[in-house]
Amino acid sequence: MDLKAQLKTVVEDAAHSMGALVDAAIQETPAGKAGDYGTPAAFLIAKAIGGNPAQIAAQLAQTVRLPEGIKKVEAAGPFLNFFVDVGAFVRGVVEKPFEMPQLSGKVVIEHTSVNPNKELHVGHLRNVVLGDSMARIFRAAGQTVEVQNYIDDTGRQAAESIFAVNHYGLKWDGVQKYDHWLGEGYVRLNADPAKPELEPGIREIMHRLEAGQLRSEVEKVVHAHLVTCFRLGARYDLLNWESDVVGSGFLKRGMDILEDSDYTSHPNVGKYAGAFVMDVSEFMPGLEEPQVVLIRTDGTAMYAAKDIGYQFWKFGLFEGMKFKPFAQDPEGHTVWTSAPDGDPDLARRFGHADEVINVIDSRQDHPQTVVRSSLGVAGHHEMKDRSVHLSYAFVTLEGQTISGRKGVTVSADAAMDEAQKRALIELAKVNPELSQRDDAGEIARRIGLGAIRFAMLKAEPTRKIDFRWEQALALNGDTAPYIQYAAVRAANILRKGQEAGFAIDGTGADWEMLPDIDLTLAKQVAKLPQIVAQSVRVHSPHVVAQYALDLATSFNAWYNAKDRKGKPATNVLQSEEGLREARLALVARLRQAFEETLDLIGIEIPAAM
């Protein structure tokens, strides 16, 4: 029941009848103030048509049409306060499906994009989890989502790893995970004092990669990366390979589009003579040097130029790649890949986005702004506004800076293994019987992976994270296990209610018996649609993660509430008949809200804790 949206509509209708068009803000009234929701719309109406705000609020109170679930409205000076009908409101929350935002259009989300030269480390997990959660949230909001993963198969890192295999005569045993094995060679090469002398051999490998001669070697790494990401819960629609982007001429096509702009030029004199430059001063004000070089004097392209062409393709400004199946995810869905021998008829299936979100760390803030500005330079201002860089800060592990080149890191696979192991140990401490269950491993998996995902999501992406095991797996505080435990507690109440023969679907409920404390919990449950809308608006899943915490905290406060005599105030199974059924139905809806909320950020609820 999106009561706030309904109140907004009826207040704006009443204002329109008074001759004013306003955007009415509906807010929850502060604790200790009268009413449940309020609006300062009278100030806006007074500004539009004149008059005293307090008198206008009083007139609104007489004319506004109250939606179902609102018992009465009162004017408090210039403010309008609405009072909820507790029984009707809670019943509406329980019985009516959530009305999620119904957005339209296609969103392309690119994330992961880890160099295919070694295993993912724990720092990469933030990128994966941010992108995957955004995809889930945008789908919940009604949009078509295409998740892309960029494979840099022509870069130096991949070349160094492949060179190391040949140079040191390394042999894969077929048992060790392939990306881990390859990464050992990469670290060894970068610690080798003789590396500068090996540069000609490394460059030769790079040329072979660019020619597509070693693609099968890179594919082995990509398959291994997908195993890691699938385990974390991430899913992909398309893998785009650097060699295919280059081979399809995206760079030239992008530059051809920019050639027609008044903001680009080929200077004949000065330090940019002979280069192709783009003036971004209108789109990136405040720069000391607003001229961005796209093509150097010698005809070689700057990296930003390649990114610009790729971004133009994502928005459908041109096509050119071919596609074919690459793998299947754990649900049996096809993961597609760009490929020279792919099907050209699939070109329109991919890209052609209405919005593009690139999940890339904060070191790329400036280059990504240049890419975004290039759409404005090309005259595609709406695309510029819907080109989003989801920038995130680095992750440290137990206070230590991660360095894949130096081998100072913990792999993502090892981190997930450790999370599951520690979760099992904690289960044995808290409830020894659980650790003996047949599904103890699955319970530990959900707790461990949930702890990792939540630790990467709970803060705003621009804030640095120091991942610490004890904090991530704690049952108290801002952690996934804290939320999962609340969801399990709700399920236990429902199970005991069913075992006692009570209905949990609202049959036999007397909604009028519900007190205000139940209303507080129901109002928290009802917030999910607006949380999804907010997360989409700010392009960050931390909004959903924080809501999950708030939901658990509200439920725990309700569960532990005491009456004036210090006795439990909300013991569901010992409540009076009618009230008991209403509360069971509310807990069932709460449990569903936990599932829906946690699914948005890729966290599963264990069977027991």
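- Electrostatic pairing of D341 and K322 does not count as a salt bridge here, judged by no charged N lying under 4.0 Å from a carboxylate O.
- A distance of 13.5 Å separates CZ in R453 from CZ in R126, rounded to the nearest 0.5 Å.
- Judged purely by atom type and a 3.5 angstrom limit, R253 uses its side chain to pair as donor or acceptor with the backbone of E319.
- The minimum heavy-atom distance linking S535 with S540 is given by the pair OG-O, 2.7 Å.
- M134 and I109 make their closest contact through C-CD1, 3.8 Å (heavy atoms, listed as atom of the first residue, atom of the second, distance).
- Residue G450 comes nearest to A480 through the heavy atom pair O-CB, 3.2 Å, listed as atom of the first residue, atom of the second, then distance.
- Under a 3.5 Å cut-off, the side chain of Q484 and the backbone N or O of P606 do not form any donor-acceptor pair.
- Using modelled atom types, one side-chain atom of S261 and one backbone atom of Y263 make a donor-acceptor pair closer than 3.5 Å.
- In this structure, the separation between CD1 on I151 and OG1 on T337 is 7.5 Å, given to the nearest 0.5 Å.
- When atom types are taken as modelled, the side chain of N127 and the backbone of H111 share no donor-acceptor pair closer than 3.5 angstrom.
- The pair D343-R349 fails the salt-bridge criterion, with no side-chain N (NZ, NE, NH1 or NH2) lying under 4.0 Å from an Asp/Glu carboxylate O.
- The closest side-chain heavy-atom distance from E596 to L528 is below 4.5 Å.
- The pair E418-R422 counts as a salt bridge, with a side-chain nitrogen and a carboxylate oxygen less than 4.0 angstrom apart.
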Pair M383-Q311, side-chain contact (heavy atoms from CB on, under 4.5 Å): steps then yes or no
CA-CA 10 Å; M383 291 180 183; Q311 191 81 345; over 6 Å; no
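- Looking only at distances, no side-chain donor or acceptor of D132 sits under 3.5 Å from a matching main-chain atom of V128.
- Relative ring orientation between Y236 and F230 is described as tilted, the plane-to-plane angle lying within the 30° to 60° band.
- The existence of a salt bridge linking K177 and D179 is confirmed by a sub-4.0 Å separation between a basic side-chain nitrogen and an acidic carboxylate oxygen.
- Atom CG in L457 sits 10.5 Å away from atom CD in Q546 (nearest 0.5 Å).
- For D298, the CG atom counts as densely surrounded, since its 6.0 Å shell holds more than 12 non-hydrogen atoms of other residues, nucleotides or ligands.
- Checking side-chain atoms of T264 against main-chain N and O of L258 turns up a donor-acceptor pair under 3.5 Å.
- Under 4.0 Å is where a charged nitrogen must lie from a carboxylate oxygen, and between E442 and R445 at least one such pair does.
- For CD of Q102, the number of neighbouring non-hydrogen atoms (other residues, nucleotides, ligands) closer than 6.0 Å is greater than 12.
- Nearest approach of G155 to M206, heavy atoms of both residues: C-CE, 4.4 Å.
- Contact check for V222 versus L239: side-chain heavy atoms found under the 4.5 Å cut-off.
- Listed for the D354 side chain is no donor-acceptor partner under 3.5 Å among the backbone atoms of G105.
- A donor-acceptor pair under 3.5 Å is formed between the side chain of S161 and the backbone N or O of N117.
- Listed by first and then second residue, the ring-ring contact (aromatic ring centres under 6.0 Å, His included) pairs involving residues 377-399 amount to none (not counting sequence neighbours).
- For the pair V280/L287, a side-chain contact is recorded, criterion being any heavy-atom separation below 4.5 Å from C-beta on.
- Residues E119 and T228 have side chains not in contact (no heavy-atom distance under 4.5 Å, counting atoms from C-beta outward).
- Comment: E219 engages R215 in a salt bridge, judged by a side-chain N to carboxylate O separation of less than 4.0 angstrom.
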With side chain to side chain donor-acceptor pair (under 3.5 Å) as the criterion, how do D279 and S281 come out once you've worked through the C-alpha distance, each side chain's angles and the decisive distance to 0.1 Å?
CA-CA 6 Å; D279 182 357; S281 56; 2.8 Å; yes
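- The side-chain contact (heavy atoms from CB on, under 4.5 Å) with M321 is formed by just one residue from the set P340, P344, S338; it is S338.
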Begin from the C-alpha positions of I257 and L317 and carry the test side-chain contact (heavy atoms from CB on, under 4.5 Å) through to its verdict.
CA-CA 9 Å; I257 290 173; L317 295 183; 4.1 Å; yes
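- In this structure, R188 does not pair ionically with D192, as no charged nitrogen and carboxylate oxygen lie closer than 4.0 Å.
- In this structure, the side chains of I605 and L598 come closer than 4.5 Å at one or more pairs of heavy atoms.
- In this structure, the side chains of K314 and H352 stay at 4.5 Å or more apart for every pair of heavy atoms.
- We find that E199 and R156 are joined by a salt bridge, their nearest charged nitrogen and carboxylate oxygen being less than 4.0 Å apart.
- Between C229 and L120, some side-chain heavy-atom pair lies under the 4.5 Å cut-off.
- A salt bridge between D417 and K421 is absent, with no side-chain N of the basic residue lying under 4.0 Å from a carboxylate O of the acidic one.
- Counting heavy atoms of neighbouring residues, nucleotides and ligands inside a 6.0 Å radius, atom CG of D173 exceeds 12 of them.
- A pairwise comparison of heavy atoms in I202 and L189 identifies CD1-CD2, 4.2 Å as the closest pair.
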Would you sort out whether F326 and H223 count as a ring pair (Phe, Tyr, Trp, His ring centres under 6.0 Å), showing the intermediate values?
CA-CA 9 Å; F326 182 80; H223 278 292; 4.2 Å; yes
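- Using the six-membered ring where Trp is involved, W172 and Y178 have ring planes that are perpendicular, over 60° apart on the 30 and 60° scheme.
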Apply the test side-chain contact (heavy atoms from CB on, under 4.5 Å) to residues Y186 and N190: give CA-CA distance (whole Å), side-chain angles for both, the deciding distance (0.1 Å), then the verdict.
CA-CA 6 Å; Y186 176 76; N190 280 280; 3.4 Å; yes
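- In this structure a side-chain-to-backbone donor-acceptor pair under 3.5 Å is present from D329 to G332.
- With respect to the salt-bridge test (charged N to carboxylate O, under 4.0 angstrom), the residues K195 and E160 qualify.
- In the model, E355 has no side-chain atom that pairs as donor or acceptor with a side-chain atom of Q143 under 3.5 Å.
- No side-chain donor-acceptor contact under 3.5 Å links T334 and Q328.
- Taking all atoms of both residues into account, the shortest heavy-atom contact from A451 to A472 is CB-O, 3.4 Å.
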Worked check of ring pair (Phe, Tyr, Trp, His ring centres under 6.0 Å) between F323 and F350:
CA-CA 9 Å; F323 305 96; F350 300 106; 4.6 Å; yes
Go through L238 and N149 one step at a time and tell me if the side-chain contact (heavy atoms from CB on, under 4.5 Å) criterion holds.
CA-CA 6 Å; L238 177 64; N149 183 355; over 6 Å; no
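- Annotation: the span from H124 atom NE2 to M456 atom CE amounts to 11.5 Å, rounded to 0.5 Å.
- Side-chain atoms of I357 and F138, non-hydrogen and from C-beta on, do get closer than 4.5 Å to each other.
- Between R363 and D365 there is no salt bridge, since no side-chain N of the basic residue sits under 4.0 Å from a carboxylate O of the acidic one.
- Annotation: the span from N358 atom CG to S391 atom OG amounts to 11.5 Å, rounded to 0.5 Å.
- Between the E146 side chain and the G351 main chain, a donor and an acceptor come within less than 3.5 Å of each other.
- Taking CD of Q420 as the reference point, atom CD1 of I452 lies at 10.0 Å (rounded to 0.5 Å).
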